[in-house]
Amino acid sequence: MTPAQSLLRKATGLNLSKPVVERAIKHRMEHNAVSDPDAYLRQMTPAEMTALVELVVVPESWFYRDPQAFVAMSEFVRPRLAANSERRLRILSIPCAGGEEPYTIAMVLTDAGIPSRNFMVDALDISPACVARAKSGIYGHNAFRAQNMAFRDRHFSSDGDGDYRVNDDIRKQVRFAQGNLLEFDLAARTGYYDVVFCRNLLIYFDKPTTKAAIAKLRALLADDGQLFAGYAEVPSFCSHGFTPLSHSQAFGLMKETAPPTKPVLKPAHAPRVVAKPVPPLAARSIASPPSLPPSPPPAPRAPTAAPALDLLAEARRLADLSDIKAAEKHCRDHLAQQPESAEAYFILGLLNELNQQPKMAEDYWKRCIYLQPDHYQALCHLALLAEANNDASGAAALKARAARIYQRQQAS
Ligand SMILES: C[S@@+](CC[C@H](N)C(=O)[O-])C[C@H]1O[C@@H](n2cnc3c(N)ncnc32)[C@H](O)[C@@H]1O
């Protein structure tokens, strides 16, 4: 990483490529009539850093982006207000880019009949230019990409030149501020927010920064609150103490606060995902899959063998008791009856991970996804392993695949 890349990484958390950083530095050097890049970096001031950051952020956003998140939020807050009509909901939108997301939140809640006294949206972005644009509340056609544009008639006034300004009743529901998520001062805000929107930011972070960002978000969110992420970001949240909600296409999550009663299935660094029943597999030969790990030796099939499902349940129970050997034996007995059981391989992977055998764990999870390509949890575990092995591109590909599966499962 070049010194300029690491400087910008430190300031923003963004995982920026060399060409992007070089382009931004060149632009600012020209602006400041500086010809030596080292001198430019040495003379860096806070104001200059802000100007540089503006050139590397991606402030892409639009009203009603991934609209199901707003539907889910509205459904989440209604019963809370029904239970206490005096309550004032606290909502955070970070990063807010040019304000499209927090204004959408305010419009959706207003349209749902929620009185203005019952909610407030805090909206932050690292970019002062974005925050200034958001405060102005004026938008061109790029911000209006939603299919249904009725909201624009309700909540905007046209200036006659193609731009639209958000009406004041919506504007006063949102408080904008410039801020860096990674430096968010938690002193007065721990557990403060009922709802947090953090969408399309973590995709630009590397693994340690993602972890740090999620820790901040977790601290900001009330224990019974909900967080909405970008669809590709769900697996990262699942790896760090969140569990996905079932609302289709909303990419909502909640904190996993329950005590870890099932340590084997929820190791500290493993993705916490909602366990879904595994659909039965279509008949498929696994006789000799190329480049796959060897099958565990099958146990002799006893005429009195317990039903396969019971064996897996028993394997999980034994695993919870940390009886890894017995749990493994049950998985193998299960495989003797159902050689194509992806779930058995998944559990074997977890057991081997617990046993500090990451390579074996990886082999089992690979076999699992060979048998069941949409096994979300196995993909998440493989992504984490790839990250642990510094295989950033492999991890990214696995996460993207897991995210697509998550999205598909949500849709169906
Ligand atoms: C792609 S936009 C996402 C906006 C909105 N949440 C959405 O999904 O439409 C990403 C934004 O993240 C902001 N950003 C980048 N790093 C940040 C950080 N460390 N803290 C807060 N905002 C950051 C950028 O300025 C940019 O406006």
Open item on the list: Between N15 and R9, is there a side-chain donor-acceptor contact under 3.5 Å, judged purely by atom types and distance?
Closed with: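 The criterion, which ignores hydrogens and geometry beyond distance, is satisfied for N15 and R9.
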Task: R78, CZ: over 12 other non-hydrogen atoms inside 6.0 angstrom - done: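 Open.
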Task: Face-on cation placement of R90 at Y192 ring, 6.0 Å and 45° thresholds - done: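 Judged by the rule (NZ or CZ under 6.0 Å from the ring centre, within 45° of its axis), R90 counts as positioned above Y192.
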Under 30°, 30 to 60°, or over 60°: which ring-plane class applies to [X] and [Y], parallel, tilted or perpendicular?
X    : Y    : result
Y231 : F251 : tilted
F63  : F151 : tilted
W365 : H381 : tilted

TODO: Among V121, T110, L109, find the one that has a side-chain contact (heavy atoms from CB on, under 4.5 Å) with I170.
DONE: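 Only one of V121, T110, L109 forms a side-chain contact (heavy atoms from CB on, under 4.5 Å) with I170, namely T110.
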Task: Qualifying residue, where the test is side-chain contact (heavy atoms from CB on, under 4.5 Å) with F76 and the options are V71, D224, L89, V195 - done: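 Testing F76 for a side-chain contact (heavy atoms from CB on, under 4.5 Å) against V71, D224, L89, V195 leaves exactly one candidate, V195.
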Is there a donor-acceptor pair closer than 3.5 Å between any side-chain N or O of [X] and the backbone N or O of [Y]?
X    : Y    : answer
R401 : P373 : yes
T210 : D206 : yes
N32  : V34  : no

Task: salt bridge (charged side-chain N to carboxylate O under 4.0 Å, His left out) evaluation trace for R42 with E48 - done: CA-CA 11 Å; R42 269 199 313 276; E48 182 54 32; over 6 Å; no
So, do [X] and [Y] sit near enough that their side-chain heavy atoms are less than 4.5 Å apart?
X    : Y    : answer
D125 : I94  : no
R152 : F144 : yes
M73  : F228 : yes
K135 : R171 : no
K18  : E22  : yes
I114 : V77  : yes
S116 : K172 : yes
R218 : H240 : no

Between [X] and [Y], does at least one N-O distance fall below 4.0 Å, as a salt bridge requires?
X    : Y    : value
D185 : R189 : no
E101 : R65  : no
D194 : R80  : yes
E314 : R317 : yes

Open item on the list: By the definition ring-ring contact (aromatic ring centres under 6.0 Å, His included), identify the one residue from Y64, F70, F197, F176 that meets it with Y103.
Closed with: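 Filter result, single survivor: F176.
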- [ ] Go through the steps to decide whether E100 and R145 satisfy the test salt bridge (charged side-chain N to carboxylate O under 4.0 Å, His left out), and finish with yes or no.
- [x] CA-CA 11 Å; E100 297 87 344; R145 307 184 205 173; over 6 Å; no
TODO: Decide yes or no on salt bridge (charged side-chain N to carboxylate O under 4.0 Å, His left out) for E30 and K26, but give the supporting numbers first.
DONE: CA-CA 6 Å; E30 279 167 16; K26 186 164 174 279; 3.5 Å; yes
Open item on the list: Please evaluate residues H334 and E343 with respect to the criterion side chain to side chain donor-acceptor pair (under 3.5 Å), reporting the C-alpha separation (whole Å), side-chain torsions for both, the decisive distance (0.1 Å), and the verdict.
Closed with: CA-CA 10 Å; H334 173 86; E343 196 60 14; over 6 Å; no
TODO: Report yes if the distance between the aromatic ring centroids of H141 and Y164 is under 6.0 Å, otherwise no.
DONE: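 Ring-ring flag for H141/Y164: false, centres at least 6.0 Å apart.
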- [ ] May I have the step-by-step check of side-chain contact (heavy atoms from CB on, under 4.5 Å) for D111 and H155, ending in yes or no?
- [x] CA-CA 10 Å; D111 288 346; H155 297 297; 2.8 Å; yes
Open item on the list: side chain to side chain donor-acceptor pair (under 3.5 Å) for Q372 and D374? Distances and angles first, verdict last.
Closed with: CA-CA 5 Å; Q372 190 189 328; D374 68 348; 3.0 Å; yes
Task: Distance-minimising heavy-atom pair for L221 and K255 - done: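 Heavy atoms only, the tightest pair is O-NZ, 2.7 Å.
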Open item on the list: On a heavy-atom basis, which atom in F205 and which in G13 lie closest, and how many Å separate them?
Closed with: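 In terms of heavy atoms, the two residues are closest at CD2-O, 3.1 Å.
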TODO: Mind running side-chain contact (heavy atoms from CB on, under 4.5 Å) on L348 and E328 for me, showing each step along the way?
DONE: CA-CA 6 Å; L348 280 168; E328 263 191 21; 3.7 Å; yes
Open item on the list: Apply salt bridge (charged side-chain N to carboxylate O under 4.0 Å, His left out) to residues K366 and D363 and explain how you reach the verdict.
Closed with: CA-CA 5 Å; K366 279 187 177 163; D363 288 348; 5.3 Å; no
